[in-house]
Peer 1: 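Please read through the structure below; I'll follow up with questions.
Throughout, protein chains are lettered first and strands after them, A, B, ... in sequence-line order, and every chain is numbered starting at 1.
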Amino acid sequence: PDRSSIPTPGTSDRHTDCQGCPPDATMGKDAARPEWDNPMQFVLACVSYAVGLGNVWRFPYLCQMHGGGGFLIPYMLMLVLLGVPLFYMELAIGQKMRLGSIGAWRAISPYLGGVGLASVVTSMYLCLYYNVINAWSFWYLFHSFQSVLPWAECPVNSNLTSPVEECERATPTQYFFYRETLDISGSIEENGGIHMGQALCLLLAWIIVYLFIVKGVKSTGKVVYFTATFPYLVLIIYLIRGVTLHGAINGMKYMFTPKMEQLANPTTWINAATQIFFSLGLGFGSLIAFASYNQYNNNFEKQAIIVSMVNSSTSIFASIVTFSIYGFKATFNYESCLERVRLLLLNTFDLAEDTISLENVNHWIAELNRTHPDQFASLGGRLETCDLEAELDTAVEGTGLAFIVYSEAIKNMPVSQLWSVLYFIMLLLLGMGSMLGNVIAVITPLSDLKFISRYMSTKTLNGLVCLFCLLLGLGFTTRSGNYWFTMFNDYGATFSLLFIVLIEVITVCYIYGIKRFEKDVEDMLGHRLNWYWKIMLAGVSPILLIALFIFYIVNYIQGGTPTYQAWNKELVRNLASGKRDQTYWLTDGVTQGRAATLWL
Amino acid sequence: MLVWILFLLCQVGAPALAQDLCQRDAPNGYKVRISLKTALGEDAYEWNQSEIFFFRATMAFAMRRHFQIETYNVDNIILCVQTSRVSFWFVVTSPDNATMLIPKAEVEKAVRISRHRINNAFLLSDRTLEFLGIHPTLAVPVNPDTPPWLIVFGVVIGAVCAGIIALLVSSLLQKRRKEKGMTEDGQDEEDMQVKGVENGINLDGTYNRGFTDNDRFTKL
């Protein structure tokens with residue numbers, strides 16, 4: 001019979017010469033294991049997972065802090081030395097063992113099942129609080145369907161004389177986020193009640209996650225076509241809108257001017273390494289879970305490189321968009337400041353309206369100081385200094401960037417409702433994509449456990465996990481929820497992930513053995529590991545990881561008691577008289593930990 | 001003759017008297033600031049004597065409206081300290097006694113009542129026609145019965161729940177249909193497998209389950 005009649009090895013045929021595989025992986029059980037419909041779904045799932053909120057709100061911040069265009073050098077270097085090899089390793093393990101993280105690590109060495117368990121616990125932490133960000137995105141999205149965006153102006157107080165006091169002292173966007181969205185209390189001890197709107201949005205977020213995973217990879221595989229690609233569409237639209245905004249060029253110039261002296265700062269390199277590390281989502285077990293649904297001979301090597309490159313390119317692309325928006329916002333604020341100063345001068349000195357224009361404000365300040373010194377002195381603190389550089393220098397990251405700075409920029413754009421809707425849909429898709437990875441990282445190992453899969457179908461298990469996370473996650477919707485969120489964000493995953501991945505690399509290279517790993521990869525791919533992978537996995541990556549680990553320990557010890565920033569509604573704080581304050585946090589000190597979520 | 005001299009004195013004296021009543025920081029006066037270029041841009045009209053007359057007439061109208069009497073006239077509104085900003089001070093004299101000023105509080109009330117009419121007369125707004133010291137009342141916030149966000153939320157959550165129910169029900173139906181199908185033509189499926197049907201093409205030969213495609217490792 002000619003070859004076409006011989007069926008190609010499908011789900012039911014397996015290589016029997018699989019060394020080091022648990023018996024289950026090769027017979028019987030395989031036939032039941034669901035699979036991605038095609039390799040494209042797997043790639044899109046990984047892209048959707050890796051490209052998350054961190055690409056939008058952490059990387060631009062790092063770029064700004066560490067010398068603009070110059071930051072790309074340590075970033076790319078760390079990608080090559082650390083990111084791609086570790087990503088490759090996790091995909092290889094998942095595809096080989098065809099089990100979730102607990103089963104896979106137990107298969108590699110029976111004493112190391114704990115590594116898998118640690119991954120599951122970390123993913124569980126992430127599941128609990130990460131969806132709260134999606135709940136906030138939903139809240140903002142639903143509030144965008146109004147004729148005037150609610151964060152555009154302050155609400156008026158009860159006797160209609162002036163805006164609400166708390167809003168006067170802060171900005172309308174801050175007021176909307178801290179008071180109306182979070183209804184934040186003064187400290188982590190004051191619990192308050194659950195914010196019903198937030199709870200509803202969290203419920204919706206979890207229902208949508210359930211909808212995406214209800215049928216396992218069959219449903220997830222279809223969903224990722226959308227969650228992976230639509231954010232790019234929105235980013236492109238925003239790029240076009242962003243670069244055409246007035247003042248965007250200021251932001252882009254600011255970002256791309258490289259400050260090479262930053263490269264001498266070790267923090268730059270450490271931040272580049274941690275950004276790559278956390279952005280790719282290593283150590284959570286999601287990549288192992290995704291890869292476990294692959295076909296045995298899937299070419300994950302090419303895919304690992306593609307996904308890592310796409311992730312990094314998206315970061316750079318998103319930071320172009322972010323900086324053009326920054327530039328717009330900074331220019332807008334600067335020109336508003338100039339306008340205020342101009343009015344102040346006109347009103348104090350009773351000059352005709354067209355004598356002072358925005359361009360010659362500074363010239364007139366000097367002039368009036370010279371000609372009417374007494375009257376000028378009477379202005380006192382009301383005269384603001386307007387500085388474009390200072391506006392651009394205000395670097396913000398995390399939820400502050402996404403929900404305060406961005407929404408402030410959006411409210412000043414024409415047709416702001418449309419831009420607001422688009423932006424929050426993008427945030428939602430990015431967050432949901434990452435959330436899928438987190439939930440699958442928890443569910444896959446659980447469904448691999450025999451005593452669970454015997455009594456429960458996948459749908460019931462998925463439903464129970466979602467329900468459990470929803471109920472515990474309600475704690476983050478209380479009035480002190482944001483403080484708990486920050487605590488989980490800063491300390492929940494950072495340290496443990498470094499440790500997990502360090503153990504993973506050492507296990508695979510030295511305990512399991514790089515030779516066995518090589519043979520397994522050859523079994524799957526058909527060609528041997530080339531020297532790049534071997535050197536990186538066995539040598540460079542572990543050294544870099546150990547260095548990062550030591551840095552974190554040292555930093556943590558030196559940081560003293562961890563502190564957090566709280567919102568104090570009674571306190572009146574103006575940094576410089578007359579100058580608008582960017583944040584109204586009562587600073588007790590900056591929290592020392594660095595947040596893992598901010599990167600995913 | 002004497003009457004003629006007295007009359008002349010009055011003509012000269014009246015404005016001087018008026019000037020004493022109206023001055024910068026007058027206790028019963030208000031400062032008005034007008035920003036024509038900001039409000040109207042290219043279409044801004046020139047602030048000249050006729051406009052000043054119009055302003056005085058509008059203020060007299062406001063006073064009439066407030067007190068509900070028709071004795072107020074343009075002469076009762078006195079302007080002074082006019083600048084090129086376009087700002088000036090004004091005071092209101094009583095129609096019965098030209099030396100007596102109307103108290104500040106009454107003037108404020110009158111302005112508040114007719115603020116909208118005054119603004120419209122000059123094509124300006126609360127922000128561009130300022131009475132320093134009289135704060136504009138802010139607009140009443142519109143409070144819909146159902147917050148709009150709740151409506152959108154309801155739509156989305158309804159759609160998602162419908163989607164989940166549809167998925168669950170369809171998979172349930174599929175399972176039931178497969179179970180029914182298995183008992184009826186389970187025989188056919190096995191036969192097809194055995195006969196080696198590939199892509200619907202009926203081929204001769206049996207399906208060799210022991211076959212594995214190893215030849216990329218097998219070197220001859």
Side-chain angles (χ1 to χ4, degrees), chain A residues 1-9 12-17 138-148 150 154-157 159-163 197 200-201 203-204 207-208 210-211 214-215 218-219 297 339 343 346-355 421 457 459 463 522-523 526-527, chain B residues 31 33-39 44 47 81-88 130 132 135-142 144 147-157 159-161 163-164 166-168 170-172 196-199 201 203-214 216-217:
Chain A
D2 59 314
R3 281 193 65 83
S4 60
S5 67
I6 300 169
T8 49
S12 38
D13 293 318
R14 271 297 156 259
H15 293 270
T16 45
D17 55 342
F138 270 122
W139 173 267
Y140 270 80
L141 176 65
F142 296 150
H143 277 84
S144 307
F145 291 97
Q146 288 176 15
S147 52
V148 175
C154 282
V156 287
N157 61 11
N159 43 4
L160 299 183
T161 47
S162 68
L200 285 176
C201 290
L203 172 70
L204 177 64
I207 291 181
I208 291 187
Y210 181 62
L211 174 68
V214 67
K215 277 179 147 182
K218 288 298 170 203
S219 54
N297 301 108
E339 178 67 26
L343 266 180
L346 283 179
N347 293 344
T348 317
F349 294 94
D350 284 320
L351 304 162
E353 275 177 283
D354 43 7
T355 43
V421 167
S457 71
K459 294 191 193 53
E522 191 181 349
D523 206 32
H527 59 262
Chain B
K31 181 171 181 181
R33 193 185 292 145
I34 296 181
S35 313
L36 286 172
K37 298 242 171 29
T38 315
W47 189 259
V81 196
Q82 299 183 40
T83 67
S84 53
R85 168 70 177 84
V86 190
S87 70
F88 48 83
E130 299 168 73
L132 299 189
H135 298 294
T137 40
L138 299 162
V140 178
V142 177
W149 77 267
L150 211 51
I151 299 173
V152 188
F153 170 80
V155 169
V156 174
I157 203 170
V160 173
C161 288
I164 291 183
L167 266 179
L168 291 176
S170 77
S171 64
L172 207 69
V197 175
E198 181 90 331
N199 295 334
I201 307 168
L203 299 162
D204 296 326
T206 53
Y207 191 90
N208 182 0
R209 288 185 181 275
F211 178 82
T212 51
D213 193 347
N214 262 340
R216 68 173 181 279
F217 296 121

Peer 1: Between B:Val86, B:Leu36, B:Ile34, which is the residue that forms a side-chain contact (heavy atoms from CB on, under 4.5 Å) with A:Glu353?
Peer 2: B:Leu36

Peer 1: Give, for atom OG of B:Ser170 and atom NZ of A:Lys215, the distance between the pair rounded to the nearest 0.5 Å.
Peer 2: 4.5 Å

Peer 1: To the nearest 0.5 Å, what is the distance between OG1 (B:Thr38) and CD (A:Glu339)?
Peer 2: 7.0 Å

Peer 1: So for B:Ser87, is it side chain, backbone, both, or neither that comes closer than 4.5 Å to the heavy atoms of chain A?
Peer 2: side chain

Peer 1: Return the OG to CG distance between B:Ser35 and A:Leu346, rounded to the nearest 0.5 Å.
Peer 2: 8.0 Å

Peer 1: Roughly how far apart are B:Lys31 NZ and A:Asp350 CG, rounded to 0.5 Å?
Peer 2: 4.0 Å

Peer 1: Quick check on B:His135: does its NE2 atom have over 12 non-hydrogen neighbours (other residues, nucleotides or ligands) under 6.0 Å away?
Peer 2: no

Peer 1: So, does A:Gln146 use its side chain to make a donor-acceptor pair with the main chain of B:Pro148 at under 3.5 Å?
Peer 2: no

Peer 1: If you tally heavy-atom pairs under 4.5 Å against chain B, which of A:Val214, A:Asp354, A:Ile208, A:Leu200 wins?
Peer 2: A:Leu200

Peer 1: If you count heavy-atom pairs under 4.5 Å between each of A:Pro150, A:Gly197, A:Ala352 and chain B, which one has the most?
Peer 2: A:Ala352

Peer 1: What part of B:Leu168 gets within 4.5 angstrom of chain A, counting heavy atoms only: side chain, backbone, both, or neither?
Peer 2: side chain

Peer 1: Considering only heavy atoms, which portion of A:Leu351 lies under 4.5 Å from any heavy atom of chain B: side chain, backbone, both, or neither?
Peer 2: backbone

Peer 1: Starting at CZ of B:Arg85, measure out to CG of A:Asn347 and round the result to the nearest 0.5 Å.
Peer 2: 4.5 Å

Peer 1: Could you check if a side-chain atom of A:Leu141 sits within less than 4.5 angstrom of a side-chain atom of B:Val156, using non-hydrogen atoms only?
Peer 2: no

Peer 1: Between CZ of A:Phe142 and CD1 of B:Ile151, what distance do you get to the nearest 0.5 Å?
Peer 2: 12.0 Å

